[in-house]
Structures are given as structure tokens and as C-alpha cells.
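Written out below as C-alpha cells is the structure these notes cover.
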Amino acid sequence: MASIHISCTCSTAAAAAAPSSSLLQDGRRRAFLFAFFPSSSHLPTVTHCKRPGSLARVSLQDPVPQTSADPPAESQASPELRAAPAVRSTIWVNPNNPRASRLRQQSSESRYARLAQLAETLDSCNPTELEVAEKLSVLGEKPSEQEAVIVLNNMGNPETALLSLRWFQEKIRVKKDVILYNVTLKVMRKCRSWDGAESLLKEMLEKGVEPDNVTFSTIISSARVCNLPEKAVQWFERMGEFDCRPDDVTYSAMIDAYGRSGNVDMAMKLYDQAREEKRRLDPVTFSTVIKVYSTSNNFDGALNVYEEMKALGVKPNLITYNTLLDAMGRAGRPWQVKTIYREMESNGFSPNRATYAALVRAYSRARYPEDALRVYREMKGKGIELNVVLCNTLLAMCADLGYVDEAMEIFQEMKRSPELCKPDSWTYSSLITIYSCSGQVEEAESIFTEMVASGFEPNIFVLTSLIQCYGKAKKIDNVVETFDRMLKLDITPDDRFCGCLLNVLTEAPVEELGKVIECISRANPALGSLVKQLVDEKVEDKVIKVQAEELFTNIGKEVKKAYCNCLIDLCVNLDMLERACVLLDMALRLGIYSGLQSKSTTQWSLHVRSLSLGAALTALHVWMNDLSRALENGEDLPPLLGINTGHGKHRYSEKGLASVFESQLRKLNAPFHEAPDKVGWFLTTKVAAKPWLESRNSPTVAAV
DNA sequence: ATAGGGTTAG
């Protein structure tokens, strides 16, 4: 049996970077806009004069004309709320004159500002009837309903809002009491007071105030922000009792509520219902549905909605695009992100912060470093600040791909804008991983020191990274020391951390395996005992088989493959290939690995892309045995045989998997050759493979 | 901004 020694080195895999996309240049966007608005600078800036040609009396002391049909109440408010300051005279202005609308706008703005100011005052005053009434008295005895709406809408204190509502109800005898209730419901939602919202709604019903669609959409979205989806459903289902038929806004709110509560089927049912009832849905509803599909990982569904929306002639807006870009990013489909982004730009939209955030996330997650870093630099260039999550996302990508310099550039930038992007323990963890991958132990240690000096307690992530680093550098004593430190900090090792120890095990010199195994035993006794048996030649393979199967059915799904990779690597390192095969077989039976072999009429293939080096070589060994057996059984081979090692973007293989395979295939005298036109493939023909497999079958030639 | 729904993540 030939020995295969595995050394997991983390190299820079920058060469594997995807080609950068071509963002549309600004010029093209401008050209597009120009085609639609060739003389946009000549567009009139004043458009809201309703009666052109007529002379209207515009007095700055008059209340702003109300939009409702109600006759304006005689103003009795105190002058400082009614009038703009320092302008006392009544003037006559032609409404066609831009000055008129400007003055009117100014007056409306300052009036709004005063009412918003009043809301702020009410927010911070004592929640007593007396004090609230005192603050509100500046509105006079007969405030308008509009004033009430503006004040309440700007409030954020549920107690004083309720008292203000009472005051307004006292002063204003309006038929449409529902509006004041609705706007107060919004305050309850703003401060996430479900009880406040629901009791207000119940009060409405008791007093016989008819709720409307606005009431229901507000209560539904309140339930949503309060994480009470069942309440949203409950009220939604009661709409019929009040002769309310949900309109598009209510549907949209409810689709969102169902989506967030994980009831995708109901969300989609409502969407279909809304589509049947409504001739036209607006982009918000579509964005909501795209989001629902996206969060339930139905990414094709999300794309379909987008296509449907376009087919129905509804123009996507920026939020639609942002939602969709984010969905495709979550789906891990950076190519679709590019297509959609191009489409977005060609439709005249410029990216905003959320767009950029979606792009950074998408490209970072997909490990498209050129694109991710280009977007990052574009944001920096435009002065759009990133936040710590986005920066950390970029750093995690850099850590995976070994982009040391770029990571340092981002880290320095983060330190320069601490108010937005203050490095956190996540940041430090990525940096330690980066240095650990490039084998820079001292740099990793100094980052660790800097982190502690910045006031962060070492957490499990950071310590995992640090142990990884020491493992790569074969500093096993430091691994043990760090492990002890972790236990002293009362941190309980998790599955991932044990995976890290297993990884160290595959890198440690044989004479130091015992030290690492000791740590593993303390972190996870079951795993420790399996490893102890695994490295013991005296233990029989069938015992290993039983023990391993028991362990693997009981550990977390997300670490199964990683554990398997490590254990198989360990066996291969110790020249126990049969034992590695036992583990591989178990992994296939438990579905931990799948699709390793495939057969079509023209080609049989071996796929080792998600395997570690040892596991991949073990799979190769098994495949070749299978091929030999097929020949022995008189089966005919297809014209082509292929091995797919992948293009080396993932953590384990990098460029390593392909190059190890190349030398291993040479060692075996196997006639496979790297395909010049298919990256990551080794190919051979039936004609070349047959004699080789036959010679391999002769008993004098050892197995792999 | 003037009663209701939608882009926040590792």
C-alpha cells in the first residue's frame, strides 16, 4: 500500500477568483436618462398650482388649505403656531408666481415643523392628563383634524399618545374618529406595544367606531413587529365581520406576516388570491412575495415572481431590485446577481446603500473576491459608509481565500471610522483566521492581543481561530495551552470547535497526536474515544465501523462532513487506507457524502469536490476498485472516464486537490490527464483505461 | 413628513 501523506496548507487561492463583472459605467446610465428626459433641466419646477390663471388670495396668516372637504374650523390657535414668524402682513400674490408656492411651502413646512416639535414635547412630558392638556393647549380650542394627525403621527410615547388622543377626541367632534385611532395605532406599533395596539382596537370596536383597511393593515403589521404572527392571522380573519375586504395593502402586510411566521403556503395563497381579485398589484406586494420566497429558500420562486411582475407590466422599483439581489445572493447565485444588477442599471436605477450591501454580501458569500472588493471600493469612493457586518462579511471572504493585504486594508479603514465600523470580536476572529491561513503566527497573536486590549473577552470563535493557527504552525503545545485557557474562561466547546481540534489532529506530528487527542477527549468524550480507537491498529475495523456510525448519527448535521473529512485524513496519514474506506463507506451510507460517482452512457465520473484530500484519495481508490470489478464482471466501459476535482475555491482543496491528484495519478501510472478545456477535470478514454485497469488487477501490483 | 404594506445581513 502506497503511503499518501496529507498536509493541509492554506494557500492563496486568488487565482481561482471569478472574472469581474462589468458594471455599467456612469456614462451609459446618463445616456439612458437623457433618452427619456432630453431636456430635463427645462422641466418646470412648480407643478402643484391647481387653478392656473386665477388669482388667489394667499395669506400667510391663514391656515393651510385643508385637503378634506370639511369646512376649515375657525382658527383660534395661538399666533406662534398659526403664523410664520416675522411675517405679519397680508400679501396678495399671483399663484402662478413661483414665489407664491414657495411662500406657501415655507409656511406649510414651518407649520409641520412646529407640530412635530409639539409631538416631541408630548413624548417627553409626564403622562398625566393635566400636563398633556397643557402642552396641547397651544393648538387652541378647535384644532383641526389634520393637526391632530400630524401630532400623533410624530409621537413615540404610547402613554402620552393615548392621553393626546383623548384630548383630541374631546376637542374635535369628527365623524371619522377612525383616523385618529389609526394614527394612534401607529404609535403603538412604533414602540412595539402590542397590548397598547390591541386594546386600542378593542376600544374602537366597543365604541362602535368602524375599523377599515388601514386599521387592519396597521394592526397586522403591529403583530408582525411584535413577533405575534398568530395575532395577525386572528385579526385578518375577523375583517369580514366589519365588512372589510382586504385590499392590496392589507394583502401585502398579511403576506409578509405569514411569510415571517414561516407559513409560506398561506402567504402564497393570499398572493394568488390578491392576484385574482386585483387587476394590478403594485411593486411593494411583489417585493414582499419575493422576500417571502427568499427567506424560505425558494429562490426560483423568487425569480418567478419577478418575471411574473414584469409580464404583468408592473415596473420593478429599487426596493424590488434590492430584495431580488439579496435573494440571489442568499441563493449563492452571483451570476444572477450580475444579470439583475445590469438590468437594474439599464432601467435607470442607481444603487443605494441597500443595493451595495446586497452586492457585498452576495459576492462575499459566493467568494467572488474581485467583485466584492470592487463594490467595496466603489462604496468607499462614493463616501457610502459600510457597517461592521458588511466589513466582517468581506473579511470572512478574505480569510477563506487568503487575501491578507485586502483584509488589512479593510481593517485599517474600519479603525479609521470607529463610529460606524468599530471592529468587534467577529472582525478579530476573521483576522486571526487570515494570519493563521498564511502561517503568520506572530501576527495572529498580535491581533489577539489587540483584541483583548480593545476590551473584548476571547470568545469561542476567536479561540477556535487561534487554535487553528497554532495547529497549522504545528505548535501543539500552544494548542493545548489555548484549549486550557478556553476551559478556564468557562467556554463550552461546541461541535465546530471539536472539528477544529480534529483538523489540528490531521496536521499534528505523529508523536504529538496524544496531546491533541487528550484535548478532544475532554471536549467531547465520545469523539475522543472514537479517535483513540481509530489511531490504534489493534482495534478491528468492524469495531470502528459500529462506533463511528453511532457517533455520526448523533452529531450535528452541519459538522458531519467536516468530521468525516478529518477522520479519513487521519487514517490516510497513518497509512490505514482500509480503515479510511470503512469510514468513507459509512459516510456514503449515512448520506454524509453523496454523488461521488456518476454514470452516463458516454462518461463515468468521480466527483471529489467537497472532499478533503484524504477522503478524495480514498474515494479514488474505491472508484478504481469499482472500475476493475466492472471489467472483471464483463461490463463495458463508456468512451470517457473523468475525475472532477473542482476548480479549487473551497477551503480544503484550493489548488491542492488537483495537484495532489495529478501526482497520485502519475504514481499509479494511471492514464488520466488534466483536461485543457475543462477546469478541474482529469480525463481518460476507455482505450487507455482498459489495459491499465487490467494490469492493475494482476495480484502482483499493490492497491493504491 | 400629513391615517396603512416592502430592502438588516455573519
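Just so it is clear, the model here is predicted, and its values are computed rather than measured. In what follows, chains carry the letters A, B, and so on, assigned in the order in which the sequence lines appear, proteins first and then strands, with residues in each chain numbered from 1.
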In whole angstrom, what separates [X]'s [atom1] from [N]'s [atom2]?
X        : N      : atom1 : atom2 : answer
A:Met254 : B:dG6  : CE    : C1'   : 16 Å
A:Leu395 : B:dG10 : CG    : P     : 15 Å
A:Leu359 : B:dT8  : CG    : P     : 12 Å
A:Ile172 : B:dT2  : CD1   : P     : 18 Å
A:Lys186 : B:dG4  : NZ    : C1'   : 8 Å
A:Leu180 : B:dA3  : CG    : C1'   : 9 Å
A:Ile319 : B:dT7  : CD1   : C1'   : 6 Å
A:Leu390 : B:dG10 : CG    : C1'   : 10 Å

Exercise. Are the side chains of A:Leu386 and A:Glu413 in touch, meaning some heavy atoms are under 4.5 Å apart?
Worked result: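 A side-chain contact is absent here, since even the closest heavy-atom pair is not under 4.5 Å.
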For this session: Please measure how far the P atom in B:dG5 lies from the corresponding atom in B:dA1, and state the result in whole Å.
Result: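 Looking at atom P only, B:dG5 and B:dA1 are 14 Å apart.
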Problem set entry | Pairwise P distance for B:dT2 and B:dG6, with rounding to whole Å |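 Roughly 14 Å separates the two P atoms.
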How long is the gap from [atom1] on [X] to [atom2] on [Y], to the nearest 0.5 Å?
X        : Y        : atom1 : atom2 : answer
A:Ile150 : A:Met155 : CD1   : CE    : 14.5 Å
A:Asn182 : A:Asp212 : CG    : CG    : 5.0 Å
A:Arg275 : A:Met268 : CZ    : CE    : 10.0 Å

Base, sugar-phosphate, or nothing: which does [X] touch, judged by heavy atoms less than 4.0 Å apart?
X        : value
A:Arg365 : sugar-phosphate
A:Asn387 : base
A:Asn153 : sugar-phosphate
A:Thr184 : nothing
A:Asn213 : base

Choose from [options] the nucleotide whose nearest atom is closest to any side-chain atom of [X].
X        : options              : value
A:Val149 : B:dT2, B:dT8, B:dG5  : B:dT2
A:Asp326 : B:dT8, B:dT2, B:dA3  : B:dT8
A:Tyr112 : B:dG6, B:dT2, B:dG10 : B:dT2
A:Arg260 : B:dG4, B:dG6, B:dG10 : B:dG6
A:Arg224 : B:dG5, B:dT2, B:dA9  : B:dG5
A:Val284 : B:dA3, B:dG6, B:dA9  : B:dG6
A:Val183 : B:dA3, B:dG4, B:dA9  : B:dA3

Problem set entry | Contacts of type ring-ring contact (aromatic ring centres under 6.0 Å, His included), residue A:Tyr376, not counting sequence neighbours |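 So A:Tyr376 forms no ring-ring contact (aromatic ring centres under 6.0 Å, His included) with any residue.
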For this session: Identify, residue by residue, the members of residues 238-252 of chain A with a heavy atom below 4.0 Å from DNA chain B, and return them in order of residue number, or none.
Result: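 Within this stretch, A:Asp247, A:Asp248, A:Val249, A:Thr250, A:Ser252 sit under 4.0 Å of the strand.
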Exercise. In terms of heavy-atom contacts, does CZ of A:Arg166 have more than 12 from other residues, nucleotides or ligands at under 6.0 Å?
Worked result: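 Enclosed.
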Exercise. Which residue pairs satisfy the ring pair (Phe, Tyr, Trp, His ring centres under 6.0 Å) criterion with at least one member in residues 180-215 of chain A, sequence neighbours excluded?
Worked result: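 Matches after skipping sequence neighbours: none remain.
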Look at [X] and [N] and indicate whether a side-chain polar atom (N or O) is within less than 4.0 Å of OP1 or OP2.
X        : N      : value
A:Arg361 : B:dT8  : yes
A:Lys291 : B:dT8  : yes
A:Arg330 : B:dG10 : no

Exercise. Side chain of A:Asn322, base of B:dG6: donor and acceptor closer than 3.5 Å?
Worked result: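 No, no donor-acceptor pair under 3.5 Å.
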Exercise. Is any side-chain N or O of A:Thr288 under 3.5 Å from a base N or O of B:dG6, one able to act as donor and the other as acceptor?
Worked result: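 A donor-acceptor contact between them is absent.
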Exercise. Got a salt bridge between A:Asp400 and A:Arg367, using NZ or NE/NH1/NH2 to carboxylate O under 4.0 Å?
Worked result: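 Answer for the salt bridge query: yes.
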Exercise. Is the distance between the ring centroids of A:Phe299 and A:Tyr293 less than 6.0 Å?
Worked result: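 Ring centroids of A:Phe299 and A:Tyr293 are no less than 6.0 Å from each other.
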Exercise. Going by 5.5 Å between centroids and 30° between planes, is there a stack of A:Trp426 over B:dG10?
Worked result: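 Whether judged by distance or by angle, A:Trp426 passes, so it stacks on the base of B:dG10.
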